[in-house]
Amino acid sequence: MKILKAQEMSQVDLKATRDIGIPSFLLMENAGLRVLQVIKKEFPNAKKILFFIGKGNNGGDGLVAVRHLYLSGYKVDYFLVHGEELKGDALLNLSILKNLGCYPLTEKPHKDYDLIVDAIFGTGFKPPIKGHVVEWINFINTSQIPVLCVDIPSGLSADSSYVYEPSVKADITVTFEFPKVCHILHPSAKRCGKIYVASIGLPKFLAEEVKREVLEKVRVFKREPDVHKGKMGHVLLVGSSVGKTGALIMSAKSATRTGSGLVSVGVPRGLNQVFEIALTEEMSIPLEGEDRLSEKSADMIIQMQDSFSAIGVGMGMGTYQEGETIVKKLIKHIKKPLLLDADAINNLANTKDLNILKEREYPTVLTPHVGEFARLSGYEKDFIVHNLIDTAQEFSQKWNCFLVLKSSRTVISTPDGYAFVSLRGSPAMAKGGSGDVLSGILTSLMGRGIPLLDALKLGVFLHGLAGEIAERKRHTESVKALDIVEEIPSAYNQIENESYPPVLHYLS
């Protein structure tokens with residue numbers, strides 16, 4: 001499912017009406033009927049409903065729903081926020097209501113209702129809200145009545161995750177044909193509540209050029225009957241330093257759980273005994289260095305790289321000048337799929353030289369969280385959070401790499417400009433080590449020889465879903481990173497059976 005911005009949605013509407021000939025009045029009718037459908041589904045006991053109606057198409061959608069509720073015997077009132085400034089299809093729907101004897105409120109509404117419907121501003125609105133409308137947004141938010149929003153909560157921008165004030169706090173949002181950026185990214189997504197994406201008859205191919213998509217289904221690549229461990233990839237995970245051995249241990253365990261035929265960890269020689277004790281299925285390779293890796297360790301990895309199908313670097317590595325040299329050498333000389341996580345990213349950022357990414361002929365994957373990406377990209381953290389998709393796409397195209405940008409949503413971006421947003425995951429995963437688990441999962445799948453983008457999609461989805469399962473079995477506060485590792489098998493099963501709970505709800 002594509003993720004659209006306001007202008008893109010406007011173009012889809014225009015092409016549908018101008019080029020294909022679908023009447024705009026029909027689209028408005030369908031939208032209003034979808035609102036009606038969700039009201040009956042989500043609020044079956046609501047008998048007294050109040051609509052706040054704006055002057056544009058969003059208000060027209062609301063008026064269609066008012067009409068059908070009125071004809072179905074509901075007690076329904078509607079208040080025209082801008083008076084009778086409506087035009088086009090919205091004005092026509094107002095006229096129909098009046099002809100039916102259903103007139104707008106002439107006095108300020110009270111709070112004696114079972115449901116409030118916000119149909120003031122739609123995707124074309126540019127925040128912030130000003131003037132007298134502020135009063136009605138505050139009325140809605142303080143009413144203590146459930147709220148359903150038409151298309152987007154009034155006051156938000158369709159194009160950003162920023163929470164503009166004032167804006168409506170929704171329990172349910174019904175958007176049409178495609179989700180918008182504000183529905184997908186936090187914190188604005190929290191304002192939207194439960195999200196329905198409802199079809200109103202717009203052809204999906206009208207948005208085929210949009211390069212943003214929701215990651216909703218992934219493919220598990222089955223093992224052949226005659227497979228052996230040598231065909232399932234041998235991955236090398238490199239990192240660790242004094243006080244941070246756990247990061248690489250978690251990555252190694254998650255790589256094994258994900259399905260690698262062989263997993264090795266490259267660690268400082270002085271810490272090797274820790275890994276010999278902590279790991280059973282995985283192997284350790286002592287590299288040069290005592291408390292942390294020395295520059296010679298990079299030469300050792302480069303020399304032995306033909307033994308591995310993918311290499312992941314950075315987990316628990318530490319940031320230091322020699323670490324910068326290690327990362328640069330590996331980027332330049334590893335001729336395998338290479339994943340850079342955690343301190344590999346921080347060390348790269350400290351070099352101030354990202355051109356070496358451009359020069360690589362082999363796939364490179366970077367997996368920063370927002371803080372690491374801020375150091376890498378130079379953008380402020382808040383700017384990244386509110387423009388998560390755009391900044392990821394820009395970085396991947398500029399520096400010729402795949403990016404897995406981790407926040408409350410995770411964005412996978414590609415060198416050719418596509419972005420896939422995973423909605424899987426849980427607040428329980430906001431713990432140290434969750435990212436190390438993901439790096440092991442991704443490196444494992446990268447080493448399998450399956451298409452790289454498919455590997456990244458499956459890995460990100462698998463990781464988030466395992467976190468959700470861990471939370472359900474335990475408690476939000478009590479999930480550890482290793483709990484996520486232990487739920488990878490359950491996540492695989494749910495993916496294969498498509499038995500995971502939806503995040504977006506579709507009406508076709």
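Reckoned from all heavy atoms, side chains included, excluding hydrogens, waters and symmetry mates. Sequential numbering from 1 along the given sequence is applied to the chain's residues. Values in this document were obtained by computation on a predicted structure and should not be read as measured data.
Across every non-hydrogen atom of Leu115 and Ala46, the tightest pair is CB-CB, 4.2 Å. Here the shortest heavy-atom pairing between Asp89 and Ser24 reads OD2-OG, 2.6 Å. Residues Glu29 and His68 share a closest heavy-atom pair of OE2-NE2, 2.8 Å. Counting all heavy atoms, side chain and backbone alike, Ala491 lies closest to Ala466 at CB-N, 3.8 Å.
The line from NZ of Lys48 to CG of Leu69 is 15.0 Å long, rounded to the nearest 0.5 Å.
Salt-bridge formation is detected for the pair Glu42/Lys194: a Lys NZ or Arg NE/NH1/NH2 atom is positioned less than 4.0 Å from an Asp or Glu carboxylate oxygen. Under the 4.0 Å criterion applied to side-chain N and carboxylate O atoms, Asp13 and Arg18 are not assigned as salt-bridge partners. With respect to the salt-bridge test (charged N to carboxylate O, under 4.0 angstrom), the residues Glu177 and Lys2 do not qualify. A salt bridge is absent between Arg472 and Glu487: the closest approach of a Lys/Arg side-chain nitrogen to an acidic carboxylate oxygen does not fall below 4.0 angstrom. Look at Lys431 and Glu477 and you find no salt bridge, because none of the NZ, NE, NH1 or NH2 atoms lies under 4.0 Å from a carboxylate O. Using a 4.0 Å cut-off between charged side-chain N and carboxylate O, Lys108 and Glu135 make a salt bridge.
Residue pairs meeting the side chain to side chain donor-acceptor pair (under 3.5 Å) criterion with at least one member in residues 441-459, sequence neighbours excluded: Ser260-Ser444.
Judged by distance alone, the side chain of Thr391 and the main-chain N or O of Asn387 form a donor-acceptor pair under 3.5 Å. Asp483 places no side-chain N or O within donor-acceptor distance of the main-chain N or O of Ala470, the cut-off being under 3.5 Å. Judged by distance alone, with hydrogens and angles left aside, the side-chain atoms of Glu8 form a donor-acceptor pair with the main-chain N or O of Lys5 at under 3.5 Å. His132 places a side-chain N or O within 3.5 Å of a backbone atom of Val81 that can act as its donor or acceptor partner.
With a 4.5 Å cut-off on side-chain heavy atoms, Met429 and Val479 do not count as touching. At least one side-chain heavy atom of Ile484 sits under 4.5 Å from a side-chain heavy atom of Ser434. A 4.5 Å side-chain heavy-atom check between Tyr74 and Lys40 finds at least one atom pair inside the cut-off. For the pair Asp341/Pro368, no side-chain contact is recorded, criterion being any heavy-atom separation below 4.5 Å from C-beta on. Tyr162 has its side chain out of reach of Ser157: every pair of non-hydrogen atoms, C-beta onward, lies at least 4.5 Å apart. Side-chain contact between Phe221 and Pro451: present, with at least one pair of heavy atoms (C-beta onward) separated by less than 4.5 Å. Counting only heavy atoms from C-beta outward, the side chains of Leu202 and Ile200 approach each other to under 4.5 Å. For the pair Ile49/Lys75, no side-chain contact is recorded, criterion being any heavy-atom separation below 4.5 Å from C-beta on.
Ring geometry for Tyr418 versus Phe420: interplanar angle under 30°, hence parallel rather than tilted (30 to 60°). Ring geometry, Phe79 versus Phe52: the interplanar angle exceeds 60°, so the pair is classed perpendicular (tilted spans 30 to 60°).
Asn346 and Asp343 share a donor-acceptor pair across their side chains, judged by distance under 3.5 Å alone. Side-chain atoms of Ser167 and Arg191 form a donor-acceptor pair, as typed in the model, at a separation below 3.5 Å.
Evaluation of the salt bridge (Lys or Arg N to Asp or Glu O under 4.0 Å) rule for Lys480 yields no partner, not counting sequence neighbours.
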### Task
Would you please test Lys169 and Asp118 for salt bridge (Lys or Arg N to Asp or Glu O under 4.0 Å) and show each step?
CA-CA 10 Å; Lys169 299 174 184 177; Asp118 158 33; over 6 Å; no

### Query
Should Glu486 and Lys253 be marked as a salt bridge (Lys or Arg N to Asp or Glu O under 4.0 Å) after you check the CA-CA gap, both sets of side-chain angles, and the distance that decides it?
CA-CA 9 Å; Glu486 292 309 305; Lys253 288 179 179 291; over 6 Å; no

### Message
Checking Leu504 against Met1 for the side-chain contact (heavy atoms from CB on, under 4.5 Å) test, could you report, in this order, the C-alpha distance in whole Å, the side-chain angles of both residues, the deciding distance, and whether it holds?
### Response
CA-CA 10 Å; Leu504 300 177; Met1 176 62 72; 5.5 Å; no

### Task
Please test Lys180 against Asp151 for salt bridge (Lys or Arg N to Asp or Glu O under 4.0 Å), starting from the C-alpha separation and ending with a verdict.
CA-CA 9 Å; Lys180 316 308 181 291; Asp151 216 357; 3.7 Å; yes

### Query
Should Phe461 and Lys217 be marked as a side-chain contact (heavy atoms from CB on, under 4.5 Å) after you check the CA-CA gap, both sets of side-chain angles, and the distance that decides it?
CA-CA 8 Å; Phe461 201 92; Lys217 291 184 180 181; over 6 Å; no

### Task
Verify side-chain contact (heavy atoms from CB on, under 4.5 Å) between Leu80 and Phe51, making sure each step is shown before the conclusion.
CA-CA 9 Å; Leu80 302 177; Phe51 281 71; over 6 Å; no

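With respect to Cys182, the side chain to side chain contact (heavy atoms under 4.5 Å, CB included) criterion is satisfied by exactly one of Ile152, Thr173, Val163, Asp159: Ile152. Of the candidates Val218, Ile441, Leu215, Leu458 forms a side chain to side chain contact (heavy atoms under 4.5 Å, CB included) with just one, namely Val218.
At most 12 non-hydrogen atoms from other residues, nucleotides or ligands lie less than 6.0 angstrom from NZ of Lys41.
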